[in-house]
Amino acid sequence: MSLLWEKSQTWRWLVTKTRDSRPFFLGFATICGVIPGVIGYCVMQFTSSGNPELEAKLRHSARPESMMMGKVNQERLAEYLGELKRKEDTNDRYVAALRGETLTRKPYVRIQPVPKPSSEVKEETKDEK
């Protein structure tokens with residue numbers, strides 16, 4: 001940043017103006033957020049297809065692996081949203097994720113709480129050190 005500050009007169013003007021004028025800062029921040037948002041929206045509208053026949057053709061010609069993963073993801077999302085709706089405790093997901101595990105289960109069956117390490121495991125780790 002110091003290189004920009006030392007070499008660019010425009011950058012110095014912009015920093016000084018945003019520092020000294022709250023309305024200028026809010027306007028500049030709004031422009032920096034709105035313009036990329038509008039461009040992104042236009043690109044999405046231009047590139048998205050509203051053609052149901054094309055979408056059906058693409059879904060029909062999809063690879064089996066893609067279809068299977070889509071179905072699995074849809075089932076997992078439905079399960080997770082169902083758990084949230086029923087206000088169940090979902091902390092076991094985070095514990096498993098921290099351990100590098102993935103929870104796989106039958107739909108609507110809760111995982112038992114993650115067991116605490118037994119004393120035997122603790123003794124083995126002490127012996128290894």
Side-chain angles (χ1 to χ4, degrees):
M1 285 302 187
S2 68
L3 181 66
L4 281 174
W5 182 256
E6 294 168 0
K7 301 290 181 186
S8 174
Q9 188 71 21
T10 307
W11 180 255
R12 270 189 272 169
W13 176 82
L14 184 64
V15 169
T16 305
K17 200 77 162 138
T18 55
R19 183 186 60 208
D20 296 340
S21 171
R22 187 174 188 91
F24 183 82
F25 171 76
L26 293 174
F28 182 71
T30 302
I31 288 171
C32 287
V34 170
I35 290 177
V38 169
I39 291 171
Y41 178 78
C42 292
V43 167
M44 287 189 295
Q45 292 302 315
F46 181 70
T47 59
S48 70
S49 170
N51 186 350
E53 293 95 22
L54 177 61
E55 290 181 18
K57 179 184 172 191
L58 291 172
R59 289 184 196 281
H60 181 70
S61 65
R63 295 185 323 211
E65 300 88 23
S66 300
M67 297 295 287
M68 180 183 67
M69 286 306 298
K71 184 178 177 186
V72 167
N73 286 336
Q74 187 177 17
E75 289 172 358
R76 284 185 180 177
L77 180 61
E79 179 185 350
Y80 184 65
L81 292 175
E83 289 172 358
L84 290 176
K85 190 175 184 180
R86 294 186 297 271
K87 296 185 171 140
E88 294 179 8
D89 182 27
T90 58
N91 284 336
D92 55 344
R93 292 181 191 281
Y94 303 111
V95 172
L98 289 173
R99 291 183 172 178
E101 301 169 353
T102 301
L103 294 181
T104 55
R105 60 183 118 176
K106 297 177 185 172
Y108 309 111
V109 176
R110 292 293 302 156
I111 291 286
Q112 298 299 318
V114 177
K116 304 242 185 247
S118 65
S119 59
E120 295 173 6
V121 174
K122 288 181 182 176
E123 290 174 7
E124 288 176 11
T125 56
K126 287 180 184 176
D127 294 337
E128 291 176 1
K129 290 180 182 177

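In what follows, every heavy atom counts, from backbone to side chain, and hydrogens, waters and symmetry copies are set aside.
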Heavy atoms of other groups near Gln74 CD, more than 12 under 6.0 Å: no
Atom pair CZ (Arg59) and CG (Leu54), whose distance is rounded to the nearest 0.5 Å: 10.5 Å
Short side-chain to backbone donor-acceptor contact, Ser48 and Met44, under 3.5 Å: yes
For Arg22, salt bridge (charged side-chain N to carboxylate O under 4.0 Å, His left out) partners two or more places apart: none
Straight-line distance of Glu79 CD to Leu84 CG, nearest 0.5 Å: 10.5 Å
Pairwise distance CZ(Arg63) to CE(Met68) - rounded to 0.5 angstrom: 10.5 Å
Interatomic distance, Leu81 atom CG to Arg86 atom CZ [nearest 0.5 angstrom]: 10.0 Å
Residues forming a ring-ring contact (aromatic ring centres under 6.0 Å, His included) with Tyr80, sequence neighbours excluded: none
Any donor-acceptor N/O pair, Thr18 side chain to Val15 backbone, under 3.5 Å: yes
Pair Phe24 and Trp13, ring centroids less than 6.0 Å apart: yes
